[in-house]
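Keep in mind that this is a model prediction, so the values were computed, not measured. Residues: numbered from 1 along the sequence shown.
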Amino acid sequence: MTPNTKKVAAFVVAATLITGYAGPLAVPAQAASAKAVAATFKDFKDLSQDSEYAQAIQAMIEQKVIAGYKDNTIKPNQHVNRAELAKMIVLALELEQATAGEDDGYADVAPGQWFHRYAATLTKNGVQVDSDKFQPHKQVTQQELVNMLASVLEKDGDEIQAWMSNYEGNKHVTRAQAAQILYQAQQVKSSETVITNITPLNSVTLQVTFSKPLTAEEVNLDNASKNFVFDNDLKIVNVPQLKTGATQTYIVPTTTQKAGTAYTLKYGDEKAVSFAGTAEKIQLSSVQQVTNDTVQVISNRADGVVDYGYVIAAYRNGRGALAMQLDENNHVDGVTYEIIPSLRSRTATLTPNNGGAAIIANYVPFTQSTDGRQAPKFRLPQGTTLQPGVTYTITSDWMEVKNATFTASEVAPLALQSAKQVSPTSLEVTLTADPQDELLAGRSVTLTAADGSQLTATYKFSSRKGATGTFDIANNGQLKSGTTYTVTAVNGWATANQVILAVQ
């Protein structure tokens, strides 16, 4: 660490130390040579239950953050220096300590000094001070400590000052004041949600564990998009989903990671956590044509691939016997499973073997896992169809398909049979036969009145029952009473022979 990287306006010797609090604190730190002789608050003759610091000091004694001296005193008014505070916070907040070979970078800290390991640990944890010297015996001022915590907790300094009674910036911090402000920091940190682990499962899926469960409001997509902040252009693409059987571990779908890229994820106002990106693609089995403009990609549970819909708590009841509970390593019954995340906004490329231009097909929402099958569908742009007799290969930056080619054929379009009004803003459309794999998602119909005016109605996701599905009028339109409409399929996905909707 160079002197330039260590400079900061005020003392930040423990700058990232409060962020790691995870439980009971350990080992006193005030004086390395002081011998603790009492274990409870009442045993110290210079402490009073009436003191404004009583609760904080008692908590620190019980957690063994502060110890007493041979004469049964705690010396609450004694000032704290950098070396003492460094040891206290490093051990109390259970930071990953520096190894013997890791230097602290300070000119005035030599290996063998009792505080060397703590100074090196601070450096390892990103701590910065105001020069290339640690100045271990320098006493800490109240303002320096306020600046430190404001930086660590990313809060306004005025809020931190409110934790410290009788605040005067230039005065030095006493043991009692250190106990009080550390105790307050514990309360703040224990009430906040922090990331404890990030595991990339594949190039578009993270498994993220938090210190406590997220609330329903926090997993709302708008809020999640604001709270999950990545660097290097990575983004969350759909809501994080709690794994079945877990209390605070979530499947998080992202845009595509890049192999070897070091990413960070910052949740809300908390400290960013690093992880290494992976280029591992999801292994799928085959591709099949569904209609003239739609294909589906098949994967099999027997091959160790499972859709996230079967392993998340939100969908468990609806999946019945097909639901699974994976452990933290995503295996059950001796099998490790690869998880397909939400495919929202995913695309696939269809490349013809006749030298024609590649086609970008978009994922059709809510089609990736239906009727116990894992068969997400991808649709060509409107007005584009597959050419019969041409062989296509499907590829993407997030999946690898074992049998990735198919030869297109002419698929007879579906046929509209009838239409019935459901409400002023919706209608039921019945086909001549159950469309099977064609789930109607993304499909629309046009309603044309005798005067030439038109309405468009779009299929309501997951509404189809057999051959009948519900379509909602788009753009806040309404069916006009007493009007007769002719119903046709947009973009020719179905034929229609005088399908009439008579509105009462």
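- Annotation: salt bridge (charged side-chain N to carboxylate O under 4.0 Å, His left out) contacts involving residues 230-251, sequence neighbours excluded, are absent.
- Evaluation of the ring pair (Phe, Tyr, Trp, His ring centres under 6.0 Å) rule for Phe406 yields Tyr392 as partners, not counting sequence neighbours.
- Side chains of Gln325 and Arg316 form a contact here, defined as non-hydrogen atoms less than 4.5 Å apart.
- Across every non-hydrogen atom of Pro200 and Ala276, the tightest pair is CG-O, 3.4 Å.
- For the pair Gln248 and Pro213, the minimum side-chain heavy-atom distance is below 4.5 Å.
- Counting heavy atoms from C-beta outward, Ile360 and Leu380 have side chains that stay 4.5 Å or more apart.
- A 6.0 Å sphere centred on NZ of Lys281 holds more than 12 heavy atoms belonging to other residues, nucleotides or ligands.
- Checked for salt-bridge contact, Glu438 and Arg379 meet the test: a charged N lies under 4.0 Å from a carboxylate O.
- Side-chain atoms of Thr294 do not come within 3.5 Å of backbone N or O of Thr291 as any donor-acceptor pair.
- Here the straight-line distance linking atom CG of Asp222 with atom CG of Asn227 works out to 11.0 Å at 0.5 Å rounding.
- Every residue two or more places apart in sequence or in another chain was checked for a ring pair (Phe, Tyr, Trp, His ring centres under 6.0 Å) with His116, and none qualifies.
- Between Met324 and Val306 the shortest heavy-atom distance is SD-CG2, 3.7 Å.
- Taking the six-membered ring for Trp and thresholds of 30 and 60 degrees, Phe134 and Tyr106 have ring planes inclined between 30 and 60 degrees apart.
- For Phe115, the ring pair (Phe, Tyr, Trp, His ring centres under 6.0 Å) criterion is met by no residue, not counting sequence neighbours.
- Identified under the ring pair (Phe, Tyr, Trp, His ring centres under 6.0 Å) test for residues 278-298, with sequence neighbours left out: none.
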Q.
Could you walk me through whether Thr458 and Ser444 satisfy the side-chain hydrogen bond (donor to acceptor under 3.5 Å, both in side chains) test, starting with their C-alpha distance in whole Å, then the side-chain angles of each, then the deciding distance to 0.1 Å, before giving a yes or no?
A. CA-CA 4 Å; Thr458 301; Ser444 298; 3.2 Å; yes
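- Side chain of Thr425 to main chain of Ile473: no donor-acceptor pair is present (N/O by atom type, distance under 3.5 Å, no hydrogens or angles).
- In summary, the aromatic rings of Phe230 and Tyr263 are positioned with their centroids too far apart to meet the 6.0 Å limit.
- In this structure the side chain of Phe366 never reaches within 4.5 angstrom of the side chain of Leu439, judged on heavy atoms.
- A distance-only check finds no donor-acceptor pair linking the side chain of Asn354 to the backbone of Val390 [under 3.5 Å].
- Pairs engaging residues 340-352 under the side-chain hydrogen bond (donor to acceptor under 3.5 Å, both in side chains) rule: Asn238-Ser342 [sequence neighbours left out].
- In this structure, the side chains of Thr196 and Val273 stay at 4.5 Å or more apart for every pair of heavy atoms.
- A heavy-atom distance below 4.5 Å is not found between the side chains of Ile298 and Leu284.
- For the pair Ile359 and Thr384, the tightest heavy-atom approach, listed with the atom from each and the gap, is CD1-CG2, 4.2 Å.
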Q. Do Thr199 and Asn197 pass the side-chain hydrogen bond (donor to acceptor under 3.5 Å, both in side chains) test, and can you show the C-alpha distance, the side-chain angles, and the key distance before you say yes or no?
A. CA-CA 7 Å; Thr199 303; Asn197 187 64; 3.1 Å; yes
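- Qualifying side-chain hydrogen bond (donor to acceptor under 3.5 Å, both in side chains) partners for Gln283, counting only residues two or more places apart in sequence or in other chains: none.
- Using cut-offs of 30° and 60° for the angle between ring planes, the Phe210 and Phe228 rings count as perpendicular.
- Every residue meeting the side-chain hydrogen bond (donor to acceptor under 3.5 Å, both in side chains) condition with Ser299, not counting sequence neighbours, appears here in chain and number order: Gln374.
- In this structure, the side chain of Gln257 engages the main chain of Asn202 through a donor-acceptor pair within 3.5 Å.
- The environment of Gln55 atom CD is sparse: at most 12 non-hydrogen atoms of other residues, nucleotides or ligands sit within 6.0 angstrom.
- Listed by chain and residue number, nothing satisfies the side-chain hydrogen bond (donor to acceptor under 3.5 Å, both in side chains) test with Thr393 (two or more places apart in sequence, or in another chain).
- For Gln368, the side-chain hydrogen bond (donor to acceptor under 3.5 Å, both in side chains) partners are Asp307, Tyr363, not counting sequence neighbours.
- Between the side chain of Glu270 and the backbone N or O of Tyr267, no donor-acceptor pair lies under 3.5 Å.
- In the displayed structure, Asn475 atom CG is contacted under 6.0 Å by at most 12 heavy atoms of other residues, nucleotides or ligands.
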Q) How far apart are the C-alpha atoms of Tyr310 and Ser369, what are their side-chain angles, what is the distance that settles it, and do they pass the side-chain hydrogen bond (donor to acceptor under 3.5 Å, both in side chains) test? A) CA-CA 9 Å; Tyr310 297 106; Ser369 177; 2.9 Å; yes
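- Thr256 places no side-chain N or O within 3.5 Å of a backbone atom of Trp398 that could act as its donor or acceptor partner.
- Not one N or O on the side chain of Tyr315 forms a donor-acceptor pair closer than 3.5 Å with the backbone of Ala323.
- Rounding to the nearest 0.5 Å places CD1 of Ile251 at 5.5 Å from CG of Leu201.
- In terms of modelled atom types and a separation under 3.5 Å, the side chain of Gln207 and the main chain of Glu328 share a donor-acceptor contact.
- With values rounded to the nearest 0.5 angstrom, Thr205 atom OG1 is found 7.5 Å from Ile339 atom CD1.
- Between Lys226 atom NZ and Ile236 atom CD1 the span is 13.5 Å, to the nearest 0.5 Å.
- Using a 3.5 Å distance cut-off with no hydrogens or angles, the side chains of Ser285 and Asn300 do pair a donor with an acceptor.
- The salt bridge (charged side-chain N to carboxylate O under 4.0 Å, His left out) check on Asp293 picks up Arg443, with sequence neighbours excluded.
- Between Val364 and Phe378 the shortest side-chain heavy-atom distance does not fall below 4.5 Å.
- Here the NE2-CD distance, from His331 to Glu338, works out to 16.0 Å after rounding to the nearest 0.5 Å.
- Pairs engaging residues 209-220 under the side-chain hydrogen bond (donor to acceptor under 3.5 Å, both in side chains) rule: Thr209-Thr249, Thr215-Glu218 [sequence neighbours left out].
- Using a 4.5 Å cut-off on side-chain heavy atoms (C-beta onward), Pro341 and Ile282 make contact.
- In the model, Thr470 has no side-chain atom that pairs as donor or acceptor with a side-chain atom of Asp472 under 3.5 Å.
- Judged purely by atom type and a 3.5 angstrom limit, Gln113 uses its side chain to pair as donor or acceptor with the backbone of Ala110.
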Q | Residues Asp108, Gln135; criterion side-chain hydrogen bond (donor to acceptor under 3.5 Å, both in side chains); working and verdict | A | CA-CA 7 Å; Asp108 58 348; Gln135 301 184 67; over 6 Å; no
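- Here the CG atom belonging to Leu386 is positioned 6.5 Å from the CG atom belonging to Leu350, to the nearest 0.5 angstrom.
- With Tyr459 contributing its side chain and Arg464 its backbone, the two residues share a donor-acceptor pair below 3.5 Å.
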